[in-house]
Amino acid sequence: MSRVSPASPESFYATVGGSETFRRLVDAFYAEVARDDVLRPMYPEEDLGPAAERLRTFLEQYWGGPTTYSEQRGHPRLRMRHHPYKVNPDARDRWLAHMRTALDTLDLPPLQHATLWDYLERAAHAMVNTFEE
């Protein structure tokens with residue numbers, strides 16, 4: 001997790017526009033997921049709102065924003081939380097494609113765009129837990 005204070009002007013969270021930026025990113029991402037026949041079944045809730053809230057609070061905390069995620073859910077344990085789902089290379093690539101679409105809607109400066117994309121890409125690769133179709 002990021003060690004920069006949420007109020008710190010040096011945090012990535014603050015630099016990219018804070019909560020509003022992460023809300024826009026996550027909303028655009030889940031709009032794509034809702035139409036994806038591979039990823040949508042991985043979200044058991046009828047409404048994607050709870051999943052969006054979890055992702056948004058996680059990303060905000062990771063990048064130096066409020067610690068809401070840990071306060072509500074404890075340690076992220078991302079691999080464990082994704083273990084029940086078949087995250088294969090196809091699911092990873094779809095997740096990345098939707099996240100790229102969402103990230104591109106933000107019109108971030110190149111350095112911030114690349115920094116966020118690098119993290120998202122590494123995280124997606126780390127979540128792969130099977131190579132079965």
Residue list, salt bridge (charged side-chain N to carboxylate O under 4.0 Å, His left out) with [X], at least two apart or on another chain:
X	value
Glu121	none
Asp47	none
Arg92	none
Asp36	Arg94

So, taking the atom named [atom1] in [X] and the one named [atom2] in [Y], what distance separates them when rounded to the nearest 0.5 Å?
X	Y	atom1	atom2	answer
Trp95	Met127	CH2	CE	9.0 Å
Leu96	Trp117	CG	CH2	4.5 Å
Phe29	Arg56	CZ	CZ	15.0 Å

* To do: Check whether any side-chain heavy atom of Asn88 lies under 4.5 Å from a side-chain heavy atom of Phe131, and answer yes or no.
  => no
* To do: Evaluate the side-chain proximity of Val26 to Leu59: yes if any heavy-atom separation is below 4.5 Å, no if none is.
  => yes
* From CA spacing to verdict: side chain to side chain contact (heavy atoms under 4.5 Å, CB included), Thr15, Trp63 -> CA-CA 10 Å; Thr15 300; Trp63 291 104; over 6 Å; no
* Residue pair Gln61, Phe58: steps toward the side chain to side chain contact (heavy atoms under 4.5 Å, CB included) verdict -> CA-CA 5 Å; Gln61 179 173 309; Phe58 169 77; 5.9 Å; no
* Step by step, would you call Val16 with Leu116 a side chain to side chain contact (heavy atoms under 4.5 Å, CB included)? -> CA-CA 10 Å; Val16 299; Leu116 186 50; over 6 Å; no
* To do: Take Leu55 and Phe22 through the side chain to side chain contact (heavy atoms under 4.5 Å, CB included) test and state the conclusion after the steps.
  => CA-CA 9 Å; Leu55 178 59; Phe22 286 97; over 6 Å; no
* Answer yes if the ring centres of Tyr13 and Tyr62 are under 6.0 angstrom apart, and no otherwise. => no
* To do: Check for a donor-acceptor pair, side chain of Asn129 on one end and backbone N or O of Val87 on the other, with a separation under 3.5 Å.
  => yes
* **Polar side-chain atom of Ser70 near backbone of Thr67 as donor-acceptor pair, under 3.5 Å** => no
Distance-only check: which donor-acceptor pairs under 3.5 Å involve side-chain atoms of residues 99-112, not counting sequence neighbours?
from, atom 1, to, atom 2, distance (Å)
Thr101, OG1, Ala97, O, 3.1
Asp104, OD1, His113, NE2, 2.9
Thr105, OG1, Ala102, O, 2.5

* Where at least one partner belongs to residues 17-27, residue pairs that pass side-chain hydrogen bond (donor to acceptor under 3.5 Å, both in side chains), sequence neighbours excluded -> Ser19-Glu60
* Asked: Can you list every salt bridge (charged side-chain N to carboxylate O under 4.0 Å, His left out) pair that touches residues 124-133, not counting sequence neighbours?
  -> none
